[in-house]
Amino acid sequence: MAANGRPFGVTLVALLAWINGALTIIQGIFALFNPSAGDDWSGWVAIVIGIVTILVSFGLFGGNSAARVIVTIVFVLSLIGSLLLMFTAFGPGVVIGAIISAALALIGILLLYTRRANEFFRR
């Protein structure tokens with residue numbers, strides 16, 4: 001545990017959330033410039049989700065319970081969006097980004113609800 005009682009898993013999730021947000025933004029940019037995608041809305045949604053993820057991830061460091069709920073929701077949405085993108089997008093950059101983003105979201109969700117993390121957020 002960190003000096004302030006924050007479990008390593010929570011610190012890791014905050015970092016993963018930040019990385020996931022950045023990758024989601026990149027994924028959205030790729031989708032915007034992919035002519036085979038056919039629409040721009042999915043790219044813009046991914047960019048907004050990425051920005052929200054980065055902003056809220058900082059609340060995890062302080063043990064903010066609302067940040068944990070919001071990051072969980074964003075991770076679930078990111079996971080769903082990444083899975084959809086994997087099966088509908090073309091191009092290795094988009095698919096690889098979607099796979100990495102989905103994996104980080106799943107790991108983040110699991111780490112946010114360990115026993116130590118639950119204790120940390122109850123304070």
Side-chain angles (χ1 to χ4, degrees):
M1 284 204 187
N4 65 355
R6 182 178 58 240
F8 174 74
V10 173
T11 302
L12 183 61
V13 170
L15 292 172
L16 288 175
W18 194 94
I19 292 168
N20 182 270
L23 287 174
T24 303
I25 291 169
I26 292 168
Q27 177 182 318
I29 292 169
F30 273 121
L32 285 177
F33 292 104
N34 183 358
S36 63
D39 58 16
D40 289 341
W41 73 269
S42 61
W44 287 112
V45 169
I47 291 169
V48 169
I49 289 172
I51 291 169
V52 169
T53 303
I54 288 172
L55 293 175
V56 176
S57 71
F58 293 113
L60 294 176
F61 286 109
N64 185 312
S65 294
R68 178 167 96 154
V69 171
I70 293 168
V71 168
T72 301
I73 291 167
V74 170
F75 275 170
V76 168
L77 293 174
S78 178
L79 182 60
I80 292 168
S82 294
L83 292 172
L84 290 173
L85 194 57
M86 275 190 271
F87 296 108
T88 61
F90 298 100
V94 176
V95 174
I96 290 170
I99 291 170
I100 293 170
S101 182
L104 290 174
L106 184 59
I107 291 168
I109 291 168
L110 294 174
L111 288 175
L112 271 181
Y113 292 93
T114 63
R115 182 182 53 79
R116 286 185 179 161
N118 287 336
E119 291 170 6
F120 175 66
F121 285 107
R122 276 192 205 118
R123 290 192 240 157

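The residues of the chain are indexed from 1 along the displayed sequence. For clarity, every value in this text was computed on a predicted model and none was experimentally measured. Values reported hereafter were calculated over all heavy atoms of this structure, with side chains retained and with hydrogens, waters and symmetry mates removed.
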*Start with the C-alpha distance between L112 and L60, add both sets of side-chain angles, then the distance that settles side chain to side chain contact (heavy atoms under 4.5 Å, CB included), and finish with yes or no.*
CA-CA 9 Å; L112 271 181; L60 294 176; 4.1 Å; yes
*asked:* Rounded to the nearest 0.5 Å, what separates atom CG in L111 from atom CG in L15?
replied: 11.5 Å
*A117 and V10: which non-hydrogen atoms are nearest, and at how many Å?*
CB-CG2, 3.8 Å
*asked:* Could you check whether any side-chain heavy atom of N20 comes within less than 4.5 Å of a side-chain heavy atom of S78, counting everything from C-beta outward?
replied: yes
*asked:* Hydrophobic cluster membership, with links at side-chain heavy-atom distances under 4.5 Å among I/L/V/M/F/W/Y: are V95 and F87 in one?
replied: yes
*Do you reckon I73 sits in the same ILVMFWY cluster as W18, going by side-chain contacts under 4.5 Å, direct or chained?*
yes
_Crowding at CZ, F121 (>12 non-hydrogen neighbours, <6.0 Å)_ = yes
*Check for a donor-acceptor pair, side chain of S82 on one end and backbone N or O of L79 on the other, with a separation under 3.5 Å.*
no
*With a 4.5 Å heavy-atom cut-off, do F75 and I49 have their side chains touching?*
no
*Determine yes or no for a side-chain-to-main-chain donor-acceptor pair under 3.5 angstrom, with T53 supplying the side chain and A17 the backbone.*
no
*To the nearest 0.5 Å, how far apart are CG in L32 and CH2 in W41?*
12.0 Å
*Give a yes or no on whether L110 and I100 share a hydrophobic cluster (residues Ile, Leu, Val, Met, Phe, Trp, Tyr; joining criterion: side-chain heavy atoms under 4.5 Å apart).*
no
_Nearest heavy atoms of R116 and P7, plus distance in Å_ = O-CG, 3.6 Å
*asked:* Looking at every heavy atom in both N118 and Y113, which two are closest together, and how far apart are they?
replied: ND2-O, 3.7 Å
*Rounded to the nearest 0.5 Å, what's the gap from CD1 on I96 to CG on L23? Could you check?*
12.0 Å
*If Ile, Leu, Val, Met, Phe, Trp and Tyr residues are connected whenever their side-chain heavy atoms lie under 4.5 Å apart, and connections chain through other members, are L106 and V69 in the same group?*
no
*Would you confirm whether R6, through its side chain, and G63, through its main-chain N or O, come within 3.5 Å as a donor-acceptor pair?*
no
_On a heavy-atom basis, which atom in A102 and which in M86 lie closest, and how many Å separate them?_
CB-CE, 4.1 Å
*Using modelled atom types only, decide if a donor and an acceptor are shared between the side chain of T88 and the backbone of L84 within a distance under 3.5 Å.*
yes
*Check the hydrophobic clustering (I, L, V, M, F, W, Y; side-chain heavy atoms under 4.5 Å; chains of links allowed) and say if L16 and L83 are grouped together.*
no
*asked:* Applying side chain to side chain contact (heavy atoms under 4.5 Å, CB included) to I25 and I54, what does each step give before you reach the verdict?
replied: CA-CA 10 Å; I25 291 169; I54 288 172; 3.9 Å; yes
